[in-house]
Amino acid sequence: MTRVTGKEDTVLPATRALSAFIVPFLVVAFIVLYGLPDDTDRWFAWTIKPAMTPMTLGAVYLGGAYFFVRAFRATAWHTVKAGFVAVGSFASLMGVATIIHWDRFNHDHVAFWLWGGLYFTTPFLVWGVWAANRRLDSHAGPDDLLLVPAARAIMAATGALAVVAGAYLFLLPSQAIETWPWTITPLTSRVLGAIFMLGVAGLGVLTDARWSAARIMLQVQVFMLSLILLAAVRARDDFDGGSVLTWLLLGGFAAATASAAFLLVTMDRRRRLLR
């Protein structure tokens with residue numbers, strides 16, 4: 001473990017407070033989107049079809065809820081810092097997408113009031129606590145368990161690929177609509193783009209090789225992608241089975257889930273042996 005002194009590497013009270021505040025909203029959104037994907041016209045901020053899209057967003061929200069619970073309980077800032085960069089990027093793009101596609105939302109629904117309230121404030125709050133807390137960041141010490149170069153390269157490459165896909169979906173929705181494995185609209189293309197931009201968390205290994213800095217991010221990845229793969233089974237009729245991208249996307253999700261799970265098991269075993 002890294003040896004720190006004073007307030008170095010601590011999680012600020014504001015960071016914990018924001019984490020606790022966000023969790024209930026994410027859990028409720030997960031219940032609606034993942035549990036009732038065909039009823040978004042009644043229960044959500046806008047009508048989302050087909051079912052694969054709301055379930056994907058719901059999976060991300062529950063993964064986010066898990067992350068913020070871990071952030072609330074964290075004793076070291078470096079263990080969750082990459083997640084705040086990812087969430088800040090996601091929330092910022094969701095706010096931009098809301099403005100661009102303002103007419104697509106159900107403005108009279110309470111869900112939209114909550115949506116707008118969150119995405120017009122959360123980006124500033126998340127980036128604010130990240131900026132404040134990063135001043136207390138620490139560096140790897142001689143006793144820290146580090147990721148091997150191959151693992152860092154795979155995590156960084158996976159994150160970079162997700163960011164590129166996210167940029168494509170967000171910036172070029174017309175082209176994405178023509179190629180995506182299931183039916184999307186300009187709004188849902190940009191929402192999916194924001195989701196893929198969460199991959200920026202994987203790039204954190206380029207500046208911090210500590211296993212403790214990557215562990216929670218990998219747990220979130222396994223949790224979130226497992227839910228998305230389950231959603232793909234539930235919404236299998238939404239996919240274009242003749243599209244190569246369908247199998248590349250699902251295969252990529254499965255590979256990313258398996259590699260992250262393998263790394264979690266092997267690195268945790270190594271950590272226990274070094275104690």
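In this text, all values refer to a predicted model and were calculated from it rather than measured experimentally.
Asp41 and Lys49 are not joined by a salt bridge, as no carboxylate oxygen comes within less than 4.0 angstrom of a charged side-chain nitrogen.
Using the six-membered ring where Trp is involved, Phe105 and Trp115 have ring planes that are tilted, between 30° and 60° apart. Classified by interplanar angle (parallel below 30°, tilted 30° to 60°, perpendicular above 60°), the ring pair Phe112/His107 is perpendicular. Using bins of under 30°, 30° to 60° and over 60° for the plane-to-plane angle, the ring pair Phe44/Trp46 lands in the tilted bin.
Scanning for side-chain contact (heavy atoms from CB on, under 4.5 Å) contacts around Phe72 gives Arg16, Ser19, Ala20, with sequence neighbours left out.
For residues 95-120, no pair satisfies salt bridge (charged side-chain N to carboxylate O under 4.0 Å, His left out), with sequence neighbours left out. Evaluation of the salt bridge (charged side-chain N to carboxylate O under 4.0 Å, His left out) test over residues 79-89, restricted to residues two or more places apart or in two chains, returns Lys81-Asp137, Lys81-Asp208.
A 6.0 Å sphere centred on CZ of Arg234 holds more than 12 heavy atoms belonging to other residues, nucleotides or ligands.
The closest side-chain donor-acceptor pair between Trp180 and Ser189, if any, does not fall under 3.5 angstrom. Defined by atom type and a distance below 3.5 Å, a donor-acceptor pair is missing between the side-chain atoms of Thr185 and Arg190.
The two residues Leu147 and Ala214 make their nearest non-hydrogen contact at CD1-CB, 3.9 Å. For the pair Val126 and Phe84, the tightest heavy-atom approach, listed with the atom from each and the gap, is CG1-O, 3.4 Å. Taking both residues in full, the closest heavy atoms of Gln221 and Thr257 are given as NE2-N, 4.5 Å, listed atom of the first, atom of the second, then distance. When all heavy atoms of Ala71 and Val80 are compared, the closest pair comes out as CA-CG1, 3.9 Å.
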